[in-house]
Amino acid sequence: MLILTCPCCGVSAEETEFSNGGEAHLKRFGPGSSDDDFESYMFNRKNPRGVHFERWRHAYGCGKWFIAARCTVTLEVFATYPAQTTEPPADVVKKIKARRSEWEGFA
Amino acid sequence: MSEPVSALGGAQYAGMVELAEAGPRGMITVRGDLALPALASAVKKITGAAMPARRQASTGAKGAVAWMSPDELLLFVDYAAAAPSVAALEAALAGEFVTIADVSDARAVLTLKGSQACDVLAKICPVDFADLPVGGIRRSRAAQIAAAIWREEQDEYTVICFRSHARYMWDMLSQLARPGGEVGLYR
């Protein structure tokens with residue numbers, strides 16, 4: 001069971017109030033991109049064991065999307081932050097590093 | 001003009017808590033930038049209530065206004081006042097990027113009163129009601145349906161759900177409020 005704090009409305013709630021939207025920070029490759037790039041964008045996911053960035057929607061609450069940084073092994077939630085970012089903000093990276101010093105960083 | 005018909009015909013139930021359907025209520029959804037000064041003054045004019053803070057609802061002489069999300073408000077007025085209020089809001093906010101909709105007949109409003117009210121709600125909502133202050137509103141889930149729970153007084157709650165879910169909500173709450181089902185979690 002995850003307890004997530006929605007950065008849009010500030011509510012801390014358990015995961016059944018949210019819905020998962022898959023891996024966050026994907027770079028879209030649309031029309032005109034190479035087949036390899038498109039295939040990678042369309043199908044390839046990191047599926048890491050450890051630190052993971054996920055999109056979540058506060059479906060039963062304010063209805064907004066946000067991103068959660070969490071550990072897929074321990075379910076520890078490091079931080080949640082607004083979805084209008086293309087990579088994890090510096091303070092989130094710092095929080096993760098403090099908890100998982102072996103983490104190689106966002107790539 | 002035809003009489004308004006609420007979802008449950010003003011049903012009432014007295015058990016662990018006093019449960020009632022609030023009957024026809026004028027409700028208006030406003031979506032847009034909540035920081036607009038024109039919005040605050042229009043809301044004040046229609047409901048008499050000030051703009052609510054985040055996750056709060058405020059009450060005025062003619063109605064109430066609840067914060068539903070960072071860009072959404074729900075205004076409560078008399079049922080008959082809903083249509084003129086929508087027109088007044090549209091006039092006051094002409095040219096601004098907002099959407100205004102009369103949702104009076106799209107929602108059902110139930111009230112719970114009594115010292116066990118939050119225990120009854122806590123049976124179906126993943127919410128810690130100790131964190132919900134008086135005057136606060138919390139959108140969440142009640143069993144399988146979406147609900148907004150507004151704590152109007154210490155032991156008085158207003159539950160808002162979709163009209164089509166009203167019977168489900170009613171059957172569930174009246175079942176959970178049967179005497180003998182006290183949990184005593186919040187005392």
Side-chain angles (χ1 to χ4, degrees), chain A residues 1-26 28 52-92 95 99, chain B residues 29-35 51-57 65-74 99 101 103 106-107 118 121-133 135-151 159-162 164-165 168-169 172 185:
Chain A
M1 182 66 75
L2 293 168
I3 306 268
L4 299 172
T5 302
C6 172
C8 304
C9 68
V11 162
S12 285
E14 48 107 3
E15 69 184 65
T16 62
E17 206 174 292
F18 301 90
S19 59
N20 185 292
E23 189 180 315
H25 302 306
L26 295 179
R28 181 171 185 268
H52 186 41
F53 299 91
E54 261 175 350
R55 298 171 75 229
W56 285 85
R57 180 172 175 260
H58 197 184
Y60 282 102
C62 66
K64 301 294 176 204
W65 285 97
F66 61 92
I67 298 173
R70 70 175 182 100
C71 179
T72 57
V73 178
T74 63
L75 301 190
E76 178 180 352
V77 178
F78 302 111
T80 54
Y81 52 97
Q84 290 75 22
T85 50
T86 51
E87 59 181 54
D91 61 318
V92 172
K95 270 185 205 162
R99 300 285 304 163
Chain B
T29 287
V30 180
R31 293 202 82 141
D33 181 1
L34 301 190
M51 281 293 272
R54 191 160 87 146
R55 301 201 307 277
Q56 297 281 312
V65 53
W67 186 98
M68 300 298 275
S69 84
D71 55 5
E72 182 179 350
L73 293 177
L74 186 64
T99 51
V103 294
R107 305 273 189 278
C118 48
L121 288 170
K123 290 181 184 184
I124 45 170
C125 302
V127 175
D128 184 357
F129 286 96
D131 290 342
L132 185 65
I137 189 160
R138 175 77 154 80
R139 289 176 77 179
S140 184
R141 176 176 70 80
Q144 299 180 53
I145 58 176
I149 298 147
W150 173 19
R151 189 175 203 168
V159 177
I160 302 133
C161 66
F162 289 120
S164 54
H165 294 160
Y168 177 91
M169 182 71 99
M172 185 163 58
L185 181 61

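The basis for the numbers below is simple: all heavy atoms, side chains too, and nothing from hydrogens, waters or symmetry mates. Numbers restart at 1 for each chain; the letters A, B, ... are given by sequence-line order, proteins then strands.
- For the set S140(B), C125(B), S69(B), the entry with the most heavy-atom pairs within less than 4.5 Å of chain A is S140(B).
- Taking P82(A) as the reference, P7(A), Q84(A) meet the side chain to side chain contact (heavy atoms under 4.5 Å, CB included) condition, with sequence neighbours excluded.
- Contact of R55(B) with chain A is made through the side chain alone, with heavy-atom distances under 4.5 Å.
- Counting heavy-atom pairs under 4.5 Å between each of M68(B), R139(B), E72(B) and chain A puts R139(B) at the top.
- When every heavy atom of W67(B) is checked against every heavy atom of C8(A), the shortest pair comes out as CH2-O, 4.4 Å.
- Salt bridge annotation for D71(B)-K64(A): present, with a cationic side-chain nitrogen under 4.0 angstrom from a carboxylate oxygen.
- Across all non-hydrogen atoms, the minimal contact from E17(A) to H58(A) is OE2-NE2, 2.8 Å.
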